[in-house]
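Naming: A, B, ... by sequence-line order, numbering from 1 per chain.
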There are 2 protein chains.
Amino acid sequence: MAEGQSGESLLFLTDEQLRQGIEAMFFAYRGFTADPDRILATMAYGRAHHRAIHFIARSPGTTVNNLLNILGVTKQSLNRVLRTLIEDGLVESRQGTTDRRERHLHLTEAGAALERKLSDAQRARMRAAYRAAGPEAVAGFRQVLEAMMDPEMRRKYHAIREAET
Amino acid sequence: MAEGQSGESLLFLTDEQLRQGIEAMFFAYRGFTADPDRILATMAYGRAHHRAIHFIARSPGTTVNNLLNILGVTKQSLNRVLRTLIEDGLVESRQGTTDRRERHLHLTEAGAALERKLSDAQRARMRAAYRAAGPEAVAGFRQVLEAMMDPEMRRKYHAIREAET
DNA sequence: AGAATATGTCAGCCTTGTTGACATTCCAAG
DNA sequence: CTTGGAATGTCAACAAGGCTGACATATTCT
């Protein structure tokens, strides 16, 4: 420690501090995905299915293209996941009314049930972490995460909330 | 921290708040890995190589088993990565002196150069995010991340720092 | 009519994770 | 000194989930 130099206002920007932040992200993300991963492992699903289910639940009726933009994968990759979810009756794909080229995605009852199960597990950990750290820490957490995003991702991150009714 | 039952002290624990935190983690992690990923893509390496290089740089002379515990993958998976790094002359594997079964891992000059390149890119983003959010936000960020880790991961996270020197 | 858009699909490749089986080397306990 | 177990390495096979490229089909826009 003791990076003396000038005041302590820059202390949190030393390479060592940044490195600790990097490692904290690495280890925390493992925890972040651990609970849903355990649930998914018991079925024939993976993290990719979880992500699709999450964002369909979040924006019911979203189009394939929209989901593609949010997830940042190729349509082939997403399609493989969506196909299994539709075949298994967790997701419903409805042809658009105004533009019939589009497919609007919705969770079925079974899909919503799985979403709840995954979401509950993930939120439980988040809730425990928030509770342990306190409201002010949470505010800082959110600020740093947002600053870490690519600008387009930040847009999408906000767009999801705005799209909500 | 004021677990005040009613009132706004619980507002940050609503499902919607938690969900936003979850999405923030998702989008932020994408940004977090984006810069190193771009560099790695130009070589024949991936994120797994980055992780190995990072923790070897962090704890020079660490054993394969130790690295296995930190990374949380199978030895076969790690071995495949290590083998290419050793073949390419980025990592050196030295037989232990006291226990000659162990292999102690070190970065070569070339390995250290790549580590620096990847690390610089990742730290630059981290530094920008820290700077934008401010020291108090950073403290909160770290608190929440730490609370989100699995206990064993938290141990390892701290152990890395203690092992230093 | 023709261009552009939204979606789906086939085929093939890569990275990175998994299991299982097995060899080698070495430490340590009997 | 022998043997059991630990640490490591290696081979083979497989799966998830990324990727690219090519191509098909509707549908909509110009």
Does atom CD of B/Glu136 have more than 12 heavy-atom neighbours from other groups under 6.0 Å away? no
Is B/Ser59 reaching over with its side chain to a backbone N or O of B/Thr62, donor-acceptor style, under 3.5 angstrom?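 Side chain of B/Ser59 to backbone of B/Thr62, a donor-acceptor pair under 3.5 Å: no, none is there.
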Distance-only, no hydrogens or angles: does the A/His50 side chain make a donor-acceptor pair with backbone N or O of A/Gly46 under 3.5 Å? no
Roughly, in whole Å, what's the span from [atom1] in [X] to [atom2] in [N]?
| X | N | atom1 | atom2 | value |
| --- | --- | --- | --- | --- |
| A/Asp37 | D/dA15 | CG | P | 19 Å |
| A/Leu78 | C/dC10 | CG | P | 16 Å |
| A/Leu85 | D/dG17 | CG | C1' | 13 Å |
| A/Asp99 | C/dT5 | CG | P | 12 Å |
| A/Leu67 | C/dA6 | CG | C1' | 14 Å |

Need one value for B/Thr84: base, sugar-phosphate or nothing, where a base atom within 4.0 Å counts as base even if backbone is also close, heavy atoms only. nothing
On the nucleotide D/dT27, are OP1 or OP2 found under 4.0 Å from the side-chain N or O atoms that A/Gln95 carries?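 Yes, because at least one side-chain N or O of A/Gln95 sits under 4.0 Å from OP1 or OP2 of D/dT27.
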Can you tell me if B/Thr74 touches the phosphate of C/dT18, counting only side-chain N or O atoms and a distance under 4.0 Å to OP1 or OP2?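 So the side chain of B/Thr74 is within the cut-off, an N or O lying under 4.0 Å from OP1 or OP2 of C/dT18.
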Nucleotide by nucleotide, 5' to 3', does protein get under 4.0 Å of the base (B), only the sugar-phosphate (S), or neither (-) in nucleotides 8-13 of chain D, counting heavy atoms? BBBB--
Which residues pass the ring-ring contact (aromatic ring centres under 6.0 Å, His included) test with A/His54, sequence neighbours left out?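 Testing A/His54 for ring-ring contact (aromatic ring centres under 6.0 Å, His included), a comparison that skips the adjacent residues, returns none.
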For residues 30-39 of chain A, which residue pairs pass the salt bridge (Lys or Arg N to Asp or Glu O under 4.0 Å) check, not counting sequence neighbours?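 Sorted result for residues 30-39 of chain A: A/Asp35-A/Arg38, A/Asp35-A/Arg125, A/Asp37-A/Arg47.
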Taking only Lys NZ, Arg NE, NH1 and NH2, and the carboxylate oxygens of Asp or Glu, determine whether B/Glu115 and A/Arg19 approach each other closer than 4.0 Å. yes
Between B/Arg58 and A/Glu23, is there a side-chain N and carboxylate O pair less than 4.0 Å apart?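 Salt bridge present between B/Arg58 and A/Glu23.
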Quick one: list whatever passes side-chain contact (heavy atoms from CB on, under 4.5 Å) with B/Ala132, sequence neighbours left out.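 Testing B/Ala132 for side-chain contact (heavy atoms from CB on, under 4.5 Å), a comparison that skips the adjacent residues, returns A/Ala147.
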Residues that A/Gln95 engages under side-chain contact (heavy atoms from CB on, under 4.5 Å), provided they are two or more places apart: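 Counting only residues at least two positions away or on another chain, A/Gln95 forms a side-chain contact (heavy atoms from CB on, under 4.5 Å) with A/Arg100, A/Arg103.
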Do any of residues 40-52 of chain A sit with a heavy atom less than 4.0 Å from DNA chain D, and if so which?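 A/Gly46, A/Arg47, A/Ala48, A/His49, A/Arg51, in order of number.
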